[in-house]
Protein chains: 2
Amino acid sequence: MGTRSTPFDPGTHGGERADAARNRRAILDAASALFAERGADCVTVDQIAEAAGVGKGTIYRRFTDRSGLAMALLDQTDRELQHAILRGPPPIGPGAPAGERLAAFIGALADLLERHADLMSVAESGSGGVWYRGNVYASYRLHVEVLLREARPDADCATLADMVLAPLAADLYRHLRDDRGLEPERIRVAAVEAATLVAGAPTA
Amino acid sequence: MGTRSTPFDPGTHGGERADAARNRRAILDAASALFAERGADCVTVDQIAEAAGVGKGTIYRRFTDRSGLAMALLDQTDRELQHAILRGPPPIGPGAPAGERLAAFIGALADLLERHADLMSVAESGSGGVWYRGNVYASYRLHVEVLLREARPDADCATLADMVLAPLAADLYRHLRDDRGLEPERIRVAAVEAATLVAGAPTA
DNA sequence: AGTGTAGACGGACTAGAGTCCGCTTTCAAA
DNA sequence: TTTGAAAGCGGACTCTAGTCCGTCTACACT
(Lines give C-alpha, C1' and ligand atoms only; values in the text may rest on other atoms or scores of the structure.)
Protein backbone atom coordinates (compact mmCIF):
# COMPACT_ATOMS: atom_id res chain seq x y z
CA MET A 1 0.00 0.00 0.00
CA GLY A 2 1.00 3.60 -0.27
CA THR A 3 1.72 3.41 -3.97
CA ARG A 4 -0.57 4.79 -6.61
CA SER A 5 -3.71 2.78 -7.05
CA THR A 6 -6.20 2.89 -9.85
CA PRO A 7 -8.48 5.91 -10.26
CA PHE A 8 -11.54 4.05 -9.02
CA ASP A 9 -10.26 2.51 -5.85
CA PRO A 10 -12.05 4.33 -3.04
CA GLY A 11 -9.70 3.06 -0.34
CA THR A 12 -6.57 4.81 0.84
CA HIS A 13 -5.11 6.77 -2.00
CA GLY A 14 -1.37 6.94 -2.16
CA GLY A 15 0.13 10.38 -1.76
CA GLU A 16 -3.20 12.12 -2.14
CA ARG A 17 -3.26 15.60 -0.75
CA ALA A 18 -5.44 16.29 2.28
CA ASP A 19 -7.90 18.55 0.47
CA ALA A 20 -8.16 16.06 -2.36
CA ALA A 21 -9.00 13.24 0.01
CA ARG A 22 -11.59 15.35 1.77
CA ASN A 23 -13.24 16.25 -1.51
CA ARG A 24 -13.20 12.65 -2.67
CA ARG A 25 -15.19 11.63 0.38
CA ALA A 26 -17.55 14.57 0.07
CA ILE A 27 -18.28 13.70 -3.54
CA LEU A 28 -18.77 10.02 -2.85
CA ASP A 29 -21.08 10.76 0.05
CA ALA A 30 -23.10 13.32 -1.82
CA ALA A 31 -23.43 11.07 -4.85
CA SER A 32 -24.41 8.12 -2.74
CA ALA A 33 -27.10 10.11 -0.97
CA LEU A 34 -28.53 11.67 -4.12
CA PHE A 35 -28.54 8.39 -6.02
CA ALA A 36 -30.28 6.64 -3.16
CA GLU A 37 -32.85 9.36 -2.79
CA ARG A 38 -33.70 10.06 -6.38
CA GLY A 39 -32.45 7.15 -8.48
CA ALA A 40 -29.22 7.25 -10.42
CA ASP A 41 -30.89 8.26 -13.67
CA CYS A 42 -32.31 11.45 -12.23
CA VAL A 43 -29.17 13.01 -10.79
CA THR A 44 -26.89 15.29 -12.78
CA VAL A 45 -23.21 15.78 -12.18
CA ASP A 46 -23.79 19.44 -11.38
CA GLN A 47 -26.21 18.50 -8.65
CA ILE A 48 -23.66 16.19 -7.11
CA ALA A 49 -21.03 18.91 -7.33
CA GLU A 50 -23.28 21.38 -5.61
CA ALA A 51 -24.34 18.95 -2.90
CA ALA A 52 -20.73 18.05 -2.26
CA GLY A 53 -19.74 21.70 -2.17
CA VAL A 54 -17.10 21.37 -4.88
CA GLY A 55 -16.74 22.51 -8.45
CA LYS A 56 -17.71 20.19 -11.25
CA GLY A 57 -14.13 20.08 -12.47
CA THR A 58 -13.11 18.44 -9.22
CA ILE A 59 -15.47 15.55 -9.80
CA TYR A 60 -14.05 14.92 -13.24
CA ARG A 61 -10.50 15.19 -11.98
CA ARG A 62 -11.17 12.52 -9.39
CA PHE A 63 -13.45 10.17 -11.28
CA THR A 64 -12.89 10.72 -14.97
CA ASP A 65 -16.58 10.77 -15.82
CA ARG A 66 -20.07 10.08 -14.61
CA SER A 67 -19.72 6.35 -14.99
CA GLY A 68 -16.35 6.43 -13.21
CA LEU A 69 -18.10 7.91 -10.24
CA ALA A 70 -20.70 5.18 -10.35
CA MET A 71 -17.93 2.59 -10.53
CA ALA A 72 -16.24 4.04 -7.48
CA LEU A 73 -19.51 3.78 -5.59
CA LEU A 74 -19.96 0.20 -6.69
CA ASP A 75 -16.45 -0.61 -5.74
CA GLN A 76 -17.32 0.20 -2.16
CA THR A 77 -20.49 -1.86 -2.19
CA ASP A 78 -18.45 -4.60 -3.70
CA ARG A 79 -16.00 -5.06 -0.93
CA GLU A 80 -18.34 -7.31 0.99
CA LEU A 81 -18.86 -9.51 -2.03
CA GLN A 82 -15.13 -9.80 -2.49
CA HIS A 83 -14.83 -10.69 1.14
CA ALA A 84 -17.45 -13.39 0.89
CA ILE A 85 -15.63 -14.86 -2.08
CA LEU A 86 -12.23 -14.92 -0.47
CA ARG A 87 -13.04 -15.78 3.13
CA GLY A 88 -16.74 -16.43 3.40
CA PRO A 89 -18.37 -19.82 3.93
CA PRO A 90 -19.12 -22.17 1.04
CA PRO A 91 -20.70 -22.37 -1.41
CA ILE A 92 -19.67 -18.86 -2.36
CA GLY A 93 -16.44 -18.93 -0.39
CA PRO A 94 -13.58 -21.42 -0.75
CA GLY A 95 -14.32 -25.04 -0.10
CA ALA A 96 -17.16 -25.90 -2.43
CA PRO A 97 -16.60 -27.41 -5.89
CA ALA A 98 -16.03 -24.88 -8.65
CA GLY A 99 -19.40 -25.36 -10.33
CA GLU A 100 -21.25 -24.65 -7.11
CA ARG A 101 -19.09 -21.69 -6.30
CA LEU A 102 -19.78 -20.27 -9.72
CA ALA A 103 -23.51 -20.73 -9.31
CA ALA A 104 -23.38 -19.04 -5.92
CA PHE A 105 -21.33 -16.17 -7.30
CA ILE A 106 -23.61 -15.54 -10.24
CA GLY A 107 -26.57 -15.67 -7.91
CA ALA A 108 -24.95 -13.13 -5.62
CA LEU A 109 -24.26 -10.89 -8.58
CA ALA A 110 -27.88 -11.10 -9.62
CA ASP A 111 -28.89 -10.01 -6.13
CA LEU A 112 -26.49 -7.11 -6.31
CA LEU A 113 -28.03 -6.16 -9.61
CA GLU A 114 -31.50 -6.30 -8.14
CA ARG A 115 -30.48 -3.79 -5.50
CA HIS A 116 -28.35 -1.49 -7.64
CA ALA A 117 -29.55 -1.90 -11.19
CA ASP A 118 -29.69 1.81 -11.90
CA LEU A 119 -26.24 2.48 -10.52
CA MET A 120 -24.78 -0.38 -12.51
CA SER A 121 -26.52 0.89 -15.61
CA VAL A 122 -24.73 4.18 -15.20
CA ALA A 123 -21.44 2.45 -14.53
CA GLU A 124 -21.75 0.27 -17.61
CA SER A 125 -22.92 3.06 -19.86
CA GLY A 126 -19.56 4.81 -19.92
CA SER A 127 -18.42 5.42 -23.47
CA GLY A 128 -15.65 3.39 -25.01
CA GLY A 129 -16.21 0.40 -22.77
CA VAL A 130 -14.70 1.93 -19.63
CA TRP A 131 -16.70 -0.47 -17.55
CA TYR A 132 -14.94 -3.49 -18.97
CA ARG A 133 -11.59 -1.93 -18.24
CA GLY A 134 -12.43 -1.02 -14.66
CA ASN A 135 -11.64 -2.75 -11.40
CA VAL A 136 -15.02 -4.11 -10.66
CA TYR A 137 -15.54 -5.96 -13.90
CA ALA A 138 -11.96 -7.16 -13.83
CA SER A 139 -12.41 -8.73 -10.43
CA TYR A 140 -15.64 -10.43 -11.45
CA ARG A 141 -14.02 -11.76 -14.55
CA LEU A 142 -10.96 -13.03 -12.80
CA HIS A 143 -13.04 -14.89 -10.28
CA VAL A 144 -15.19 -16.50 -12.93
CA GLU A 145 -12.19 -17.37 -15.03
CA VAL A 146 -10.47 -19.13 -12.16
CA LEU A 147 -13.55 -21.14 -11.32
CA LEU A 148 -14.10 -22.08 -14.94
CA ARG A 149 -10.53 -23.20 -15.29
CA GLU A 150 -10.96 -25.43 -12.31
CA ALA A 151 -14.08 -26.97 -13.79
CA ARG A 152 -12.92 -27.13 -17.40
CA PRO A 153 -9.14 -26.95 -17.66
CA ASP A 154 -9.08 -27.37 -21.42
CA ALA A 155 -11.58 -24.71 -22.41
CA ASP A 156 -10.91 -21.10 -23.39
CA CYS A 157 -11.83 -19.90 -19.93
CA ALA A 158 -10.47 -16.41 -20.40
CA THR A 159 -13.06 -15.73 -23.06
CA LEU A 160 -15.83 -17.87 -21.64
CA ALA A 161 -15.63 -15.86 -18.43
CA ASP A 162 -16.92 -12.85 -20.33
CA MET A 163 -19.68 -14.92 -21.90
CA VAL A 164 -20.79 -16.11 -18.50
CA LEU A 165 -20.93 -12.59 -17.11
CA ALA A 166 -22.68 -11.07 -20.10
CA PRO A 167 -26.21 -12.09 -19.09
CA LEU A 168 -25.83 -9.91 -16.03
CA ALA A 169 -25.56 -6.69 -18.01
CA ALA A 170 -27.55 -4.06 -16.14
CA ASP A 171 -29.57 -2.81 -19.08
CA LEU A 172 -30.66 -6.31 -19.96
CA TYR A 173 -31.60 -6.96 -16.36
CA ARG A 174 -33.71 -3.85 -16.18
CA HIS A 175 -35.40 -4.68 -19.43
CA LEU A 176 -36.32 -8.15 -18.26
CA ARG A 177 -37.53 -6.92 -14.92
CA ASP A 178 -39.12 -3.60 -15.77
CA ASP A 179 -40.34 -3.96 -19.35
CA ARG A 180 -41.03 -7.65 -19.54
CA GLY A 181 -42.08 -7.92 -15.91
CA LEU A 182 -40.05 -10.98 -15.01
CA GLU A 183 -39.54 -11.82 -11.36
CA PRO A 184 -35.99 -11.15 -10.17
CA GLU A 185 -35.90 -14.74 -9.01
CA ARG A 186 -36.64 -16.02 -12.46
CA ILE A 187 -33.91 -13.93 -14.02
CA ARG A 188 -31.46 -15.12 -11.40
CA VAL A 189 -32.31 -18.73 -11.97
CA ALA A 190 -31.82 -18.39 -15.71
CA ALA A 191 -28.48 -16.63 -15.34
CA VAL A 192 -27.29 -19.25 -12.89
CA GLU A 193 -28.45 -22.03 -15.14
CA ALA A 194 -26.65 -20.62 -18.14
CA ALA A 195 -23.46 -20.21 -16.15
CA THR A 196 -23.69 -23.67 -14.67
CA LEU A 197 -24.12 -25.25 -18.05
CA VAL A 198 -21.07 -23.49 -19.41
CA ALA A 199 -19.04 -24.63 -16.42
CA GLY A 200 -20.46 -28.09 -16.19
CA ALA A 201 -19.85 -29.44 -19.67
CA PRO A 202 -17.89 -32.68 -20.07
CA THR A 203 -14.37 -31.79 -21.24
CA ALA A 204 -14.76 -29.78 -24.46
CA MET B 1 -49.45 -4.54 -45.72
CA GLY B 2 -50.48 -0.92 -45.80
CA THR B 3 -51.21 -0.68 -42.11
CA ARG B 4 -48.98 1.15 -39.71
CA SER B 5 -45.77 -0.66 -38.94
CA THR B 6 -43.29 -0.03 -36.19
CA PRO B 7 -41.19 3.13 -36.24
CA PHE B 8 -38.02 1.31 -37.21
CA ASP B 9 -39.20 -0.72 -40.12
CA PRO B 10 -37.52 0.75 -43.18
CA GLY B 11 -39.79 -0.99 -45.64
CA THR B 12 -43.02 0.41 -47.03
CA HIS B 13 -44.58 2.70 -44.54
CA GLY B 14 -48.34 2.69 -44.34
CA GLY B 15 -50.00 5.94 -45.16
CA GLU B 16 -46.80 7.91 -45.10
CA ARG B 17 -46.89 11.16 -46.95
CA ALA B 18 -44.74 11.52 -50.08
CA ASP B 19 -42.41 14.13 -48.60
CA ALA B 20 -42.06 12.06 -45.46
CA ALA B 21 -41.06 8.98 -47.41
CA ARG B 22 -38.57 10.96 -49.47
CA ASN B 23 -36.99 12.37 -46.35
CA ARG B 24 -36.84 8.98 -44.69
CA ARG B 25 -34.81 7.65 -47.57
CA ALA B 26 -32.61 10.71 -47.70
CA ILE B 27 -31.86 10.41 -44.00
CA LEU B 28 -31.19 6.70 -44.15
CA ASP B 29 -28.91 7.12 -47.14
CA ALA B 30 -27.01 10.03 -45.67
CA ALA B 31 -26.57 8.27 -42.35
CA SER B 32 -25.45 5.10 -44.02
CA ALA B 33 -22.86 6.94 -46.08
CA LEU B 34 -21.51 9.00 -43.20
CA PHE B 35 -21.34 6.03 -40.85
CA ALA B 36 -19.51 3.99 -43.42
CA GLU B 37 -17.09 6.74 -44.19
CA ARG B 38 -16.29 7.99 -40.75
CA GLY B 39 -17.39 5.37 -38.26
CA ALA B 40 -20.63 5.58 -36.34
CA ASP B 41 -19.03 7.13 -33.27
CA CYS B 42 -17.79 10.14 -35.17
CA VAL B 43 -20.98 11.31 -36.79
CA THR B 44 -23.38 13.73 -35.17
CA VAL B 45 -27.07 13.95 -35.77
CA ASP B 46 -26.67 17.49 -37.09
CA GLN B 47 -24.20 16.28 -39.68
CA ILE B 48 -26.63 13.64 -40.84
CA ALA B 49 -29.38 16.23 -40.99
CA GLU B 50 -27.25 18.52 -43.07
CA ALA B 51 -26.06 15.78 -45.41
CA ALA B 52 -29.63 14.64 -45.90
CA GLY B 53 -30.80 18.18 -46.51
CA VAL B 54 -33.41 18.10 -43.75
CA GLY B 55 -33.82 19.72 -40.37
CA LYS B 56 -32.73 17.87 -37.27
CA GLY B 57 -36.31 17.76 -36.02
CA THR B 58 -37.24 15.64 -39.01
CA ILE B 59 -34.77 12.98 -38.03
CA TYR B 60 -36.15 12.79 -34.53
CA ARG B 61 -39.70 12.71 -35.80
CA ARG B 62 -38.91 9.72 -37.99
CA PHE B 63 -36.53 7.76 -35.80
CA THR B 64 -37.11 8.83 -32.21
CA ASP B 65 -33.44 9.19 -31.42
CA ARG B 66 -29.92 8.51 -32.54
CA SER B 67 -30.07 4.86 -31.62
CA GLY B 68 -33.41 4.51 -33.36
CA LEU B 69 -31.75 5.64 -36.54
CA ALA B 70 -29.01 3.08 -36.05
CA MET B 71 -31.64 0.42 -35.48
CA ALA B 72 -33.39 1.32 -38.70
CA LEU B 73 -30.12 0.96 -40.55
CA LEU B 74 -29.47 -2.41 -38.94
CA ASP B 75 -32.95 -3.52 -39.77
CA GLN B 76 -32.09 -3.19 -43.44
CA THR B 77 -28.82 -5.07 -43.11
CA ASP B 78 -30.72 -7.66 -41.23
CA ARG B 79 -33.13 -8.64 -43.89
CA GLU B 80 -30.67 -11.01 -45.47
CA LEU B 81 -30.02 -12.72 -42.17
CA GLN B 82 -33.75 -13.14 -41.67
CA HIS B 83 -33.99 -14.56 -45.13
CA ALA B 84 -31.20 -17.05 -44.49
CA ILE B 85 -32.96 -18.18 -41.35
CA LEU B 86 -36.33 -18.66 -42.94
CA ARG B 87 -35.46 -19.99 -46.38
CA GLY B 88 -31.73 -20.47 -46.55
CA PRO B 89 -29.93 -23.81 -46.59
CA PRO B 90 -29.03 -25.68 -43.38
CA PRO B 91 -27.46 -25.43 -40.92
CA ILE B 92 -28.71 -21.87 -40.49
CA GLY B 93 -31.90 -22.43 -42.44
CA PRO B 94 -34.62 -24.97 -41.71
CA GLY B 95 -33.67 -28.63 -41.83
CA ALA B 96 -30.82 -28.97 -39.38
CA PRO B 97 -31.33 -29.98 -35.75
CA ALA B 98 -32.04 -27.12 -33.36
CA GLY B 99 -28.65 -27.17 -31.68
CA GLU B 100 -26.82 -26.81 -34.95
CA ARG B 101 -29.14 -24.14 -36.17
CA LEU B 102 -28.55 -22.20 -32.99
CA ALA B 103 -24.79 -22.51 -33.36
CA ALA B 104 -25.00 -21.33 -36.96
CA PHE B 105 -27.20 -18.42 -36.01
CA ILE B 106 -24.98 -17.24 -33.18
CA GLY B 107 -22.01 -17.54 -35.48
CA ALA B 108 -23.74 -15.45 -38.12
CA LEU B 109 -24.57 -12.85 -35.50
CA ALA B 110 -20.94 -12.71 -34.46
CA ASP B 111 -19.98 -12.09 -38.08
CA LEU B 112 -22.55 -9.33 -38.31
CA LEU B 113 -21.08 -7.84 -35.18
CA GLU B 114 -17.61 -7.99 -36.63
CA ARG B 115 -18.76 -5.96 -39.60
CA HIS B 116 -21.00 -3.50 -37.81
CA ALA B 117 -19.79 -3.31 -34.24
CA ASP B 118 -19.85 0.47 -34.09
CA LEU B 119 -23.32 0.74 -35.53
CA MET B 120 -24.64 -1.87 -33.13
CA SER B 121 -22.98 -0.08 -30.26
CA VAL B 122 -24.94 3.01 -31.14
CA ALA B 123 -28.14 1.02 -31.52
CA GLU B 124 -27.71 -0.66 -28.16
CA SER B 125 -26.71 2.48 -26.35
CA GLY B 126 -30.13 4.05 -26.52
CA SER B 127 -31.31 5.10 -23.08
CA GLY B 128 -34.00 3.19 -21.28
CA GLY B 129 -33.27 -0.07 -23.06
CA VAL B 130 -34.85 0.90 -26.37
CA TRP B 131 -32.71 -1.67 -28.10
CA TYR B 132 -34.32 -4.54 -26.25
CA ARG B 133 -37.75 -3.26 -27.19
CA GLY B 134 -36.93 -2.85 -30.86
CA ASN B 135 -37.63 -5.07 -33.83
CA VAL B 136 -34.18 -6.35 -34.38
CA TYR B 137 -33.57 -7.68 -30.91
CA ALA B 138 -37.08 -9.07 -30.80
CA SER B 139 -36.52 -11.08 -33.95
CA TYR B 140 -33.21 -12.45 -32.71
CA ARG B 141 -34.77 -13.40 -29.44
CA LEU B 142 -37.75 -15.06 -30.98
CA HIS B 143 -35.57 -17.17 -33.21
CA VAL B 144 -33.34 -18.25 -30.35
CA GLU B 145 -36.31 -18.96 -28.14
CA VAL B 146 -37.92 -21.21 -30.73
CA LEU B 147 -34.73 -23.16 -31.27
CA LEU B 148 -34.15 -23.54 -27.56
CA ARG B 149 -37.65 -24.79 -27.04
CA GLU B 150 -37.09 -27.40 -29.67
CA ALA B 151 -33.90 -28.54 -27.98
CA ARG B 152 -35.04 -28.23 -24.39
CA PRO B 153 -38.83 -28.23 -24.15
CA ASP B 154 -38.88 -28.11 -20.36
CA ALA B 155 -36.54 -25.18 -19.78
CA ASP B 156 -37.42 -21.51 -19.32
CA CYS B 157 -36.54 -20.79 -22.92
CA ALA B 158 -38.09 -17.34 -22.96
CA THR B 159 -35.56 -16.14 -20.44
CA LEU B 160 -32.66 -18.31 -21.55
CA ALA B 161 -32.95 -16.80 -25.00
CA ASP B 162 -31.84 -13.48 -23.57
CA MET B 163 -28.99 -15.15 -21.73
CA VAL B 164 -27.79 -16.76 -24.92
CA LEU B 165 -27.84 -13.48 -26.80
CA ALA B 166 -26.19 -11.45 -24.06
CA PRO B 167 -22.61 -12.43 -24.94
CA LEU B 168 -23.09 -10.73 -28.28
CA ALA B 169 -23.53 -7.28 -26.78
CA ALA B 170 -21.68 -4.85 -29.03
CA ASP B 171 -19.76 -3.07 -26.30
CA LEU B 172 -18.47 -6.34 -24.93
CA TYR B 173 -17.49 -7.46 -28.39
CA ARG B 174 -15.54 -4.30 -29.03
CA HIS B 175 -13.82 -4.57 -25.70
CA LEU B 176 -12.72 -8.12 -26.36
CA ARG B 177 -11.56 -7.31 -29.84
CA ASP B 178 -10.14 -3.82 -29.50
CA ASP B 179 -8.93 -3.61 -25.91
CA ARG B 180 -8.04 -7.18 -25.19
CA GLY B 181 -6.95 -7.90 -28.72
CA LEU B 182 -8.83 -11.16 -29.18
CA GLU B 183 -9.27 -12.55 -32.67
CA PRO B 184 -12.86 -12.25 -33.94
CA GLU B 185 -12.74 -15.96 -34.56
CA ARG B 186 -11.94 -16.70 -30.97
CA ILE B 187 -14.80 -14.56 -29.72
CA ARG B 188 -17.17 -16.22 -32.13
CA VAL B 189 -16.13 -19.69 -31.04
CA ALA B 190 -16.64 -18.83 -27.39
CA ALA B 191 -20.07 -17.32 -28.00
CA VAL B 192 -21.11 -20.32 -30.04
CA GLU B 193 -19.81 -22.71 -27.41
CA ALA B 194 -21.70 -20.97 -24.63
CA ALA B 195 -24.90 -21.01 -26.65
CA THR B 196 -24.48 -24.63 -27.62
CA LEU B 197 -23.97 -25.68 -24.05
CA VAL B 198 -27.11 -23.91 -22.95
CA ALA B 199 -29.07 -25.57 -25.73
CA GLY B 200 -27.49 -28.95 -25.47
CA ALA B 201 -28.00 -29.83 -21.86
CA PRO B 202 -29.78 -33.11 -21.00
CA THR B 203 -33.30 -32.26 -19.90
CA ALA B 204 -33.00 -29.71 -17.07
C1' DA C 1 9.18 30.65 8.95
C1' DG C 2 10.01 31.04 3.90
C1' DT C 3 9.31 29.42 -0.61
C1' DG C 4 8.92 26.75 -5.03
C1' DT C 5 6.00 23.83 -7.24
C1' DA C 6 3.22 19.74 -8.20
C1' DG C 7 -1.08 19.09 -7.79
C1' DA C 8 -5.77 20.58 -6.89
C1' DC C 9 -9.66 23.78 -7.61
C1' DG C 10 -13.79 25.66 -9.84
C1' DG C 11 -16.63 27.65 -12.98
C1' DA C 12 -17.03 29.53 -17.59
C1' DC C 13 -17.10 27.29 -21.96
C1' DT C 14 -17.98 23.81 -25.74
C1' DA C 15 -20.43 20.23 -28.02
C1' DG C 16 -23.90 17.33 -29.03
C1' DA C 17 -28.49 15.08 -27.96
C1' DG C 18 -33.13 15.76 -27.83
C1' DT C 19 -37.49 19.15 -27.50
C1' DC C 20 -40.74 22.61 -29.02
C1' DC C 21 -43.71 25.10 -31.69
C1' DG C 22 -45.05 28.28 -35.44
C1' DC C 23 -45.05 27.65 -40.37
C1' DT C 24 -45.61 24.76 -44.66
C1' DT C 25 -47.12 20.86 -47.43
C1' DT C 26 -49.72 17.10 -48.90
C1' DC C 27 -53.91 15.17 -50.18
C1' DA C 28 -58.70 13.74 -49.81
C1' DA C 29 -63.16 15.18 -50.11
C1' DA C 30 -66.33 18.48 -51.93
C1' DT D 1 -60.28 23.57 -58.52
C1' DT D 2 -60.75 24.85 -53.97
C1' DT D 3 -60.00 24.05 -49.31
C1' DG D 4 -59.43 22.30 -44.49
C1' DA D 5 -56.71 20.11 -41.49
C1' DA D 6 -53.65 16.26 -40.37
C1' DA D 7 -49.12 15.47 -41.03
C1' DG D 8 -44.72 17.01 -41.66
C1' DC D 9 -40.89 20.41 -41.37
C1' DG D 10 -36.87 22.83 -39.43
C1' DG D 11 -34.11 25.43 -36.65
C1' DA D 12 -33.83 27.94 -32.38
C1' DC D 13 -33.65 26.42 -27.73
C1' DT D 14 -32.64 23.64 -23.56
C1' DC D 15 -30.17 20.54 -20.89
C1' DT D 16 -26.23 17.92 -19.51
C1' DA D 17 -21.73 15.75 -20.05
C1' DG D 18 -17.25 16.76 -20.36
C1' DT D 19 -13.04 20.24 -21.23
C1' DC D 20 -9.96 24.07 -20.27
C1' DC D 21 -7.18 27.03 -18.02
C1' DG D 22 -6.13 30.78 -14.79
C1' DT D 23 -5.80 30.75 -9.81
C1' DC D 24 -4.86 28.78 -5.43
C1' DT D 25 -2.84 25.62 -1.75
C1' DA D 26 -0.75 21.86 0.65
C1' DC D 27 3.54 20.40 1.81
C1' DA D 28 8.50 19.12 1.18
C1' DC D 29 12.66 21.07 1.51
C1' DT D 30 15.64 24.76 3.21
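By convention in this document, chain letters (A, B, ...) are assigned in the order of the sequence lines, proteins followed by strands, and residues within each chain are numbered from 1. Hydrogens, waters and symmetry mates play no part in the numbers below; they use all other heavy atoms, side chains included.
- If you check distances only, the side chain of R17(A) does reach the base of dG7(C) with a donor-acceptor pair under 3.5 Å.
- A donor-acceptor pair shorter than 3.5 Å can be found between the side chains of Y137(A) and D162(A).
- Between the CD1 atom of I48(A) and the P atom of dG10(C) there is a distance of 15 Å, rounded to whole Å.
- In this structure, Y132(A) and L176(B) have side chains that are not in contact, with every pair of non-hydrogen atoms separated by 4.5 Å or more.
- Between the CG atom of D41(A) and the P atom of dA17(D) there is a distance of 11 Å, given to the nearest Å.
- The side-chain heavy atoms of S139(B) and Q82(B), taken from C-beta on, include a pair separated by under 4.5 Å.
- Residue T58(B) has no polar side-chain atom (N or O) positioned under 4.0 Å from OP1 or OP2 of dG8(D).
- The CD atom of E16(B) sits 15 Å away from the C1' atom of dC27(C) (whole-angstrom rounding).
- The residue among V45(B) and D19(A) whose nearest nucleotide of DNA chain C is located toward the 5' end is D19(A).
- Within the 4.0 Å cut-off from OP1 or OP2 of dG8(D), not a single side-chain nitrogen or oxygen of N23(B) is found.
- Side-chain contact check for L74(B) versus W131(B): some heavy-atom pair is nearer than 4.5 Å.
- For R61(A), the listed nucleotide lying nearest its side chain is dC9(C); candidates were dC9(C), dT25(C), dA17(C).
- Protein atom CD of E50(B) is 16 Å distant from nucleotide atom P of dA15(C), rounded to whole Å.
- Mapped onto DNA chain C by nearest heavy atom, A18(B) and T44(B) fall at different nucleotides, with T44(B) at the one closer to the 5' end.
- Residues S121(B) and D118(B) bring no donor and acceptor atom of their side chains to less than 3.5 Å of each other.
- Within the 4.0 Å cut-off from OP1 or OP2 of dC9(D), at least one side-chain nitrogen or oxygen of R62(B) is found.
- With rounding to whole Å, K56(B) atom NZ is found 9 Å from dG18(C) atom P.
- R22(B) places its CZ atom 10 Å from the C1' atom of dT25(C), with the value rounded to the nearest Å.
- When rounded to the nearest whole Å, the span between OH of Y60(A) and P of dG18(D) equals 4 Å.
- Which of dT26(C), dA17(C), dG10(C) sits closest to the side chain of V54(A) comes down to dG10(C).
- The interatomic distance linking Q47(B) (CD) with dA15(C) (P) rounds to 12 Å, in whole Å.
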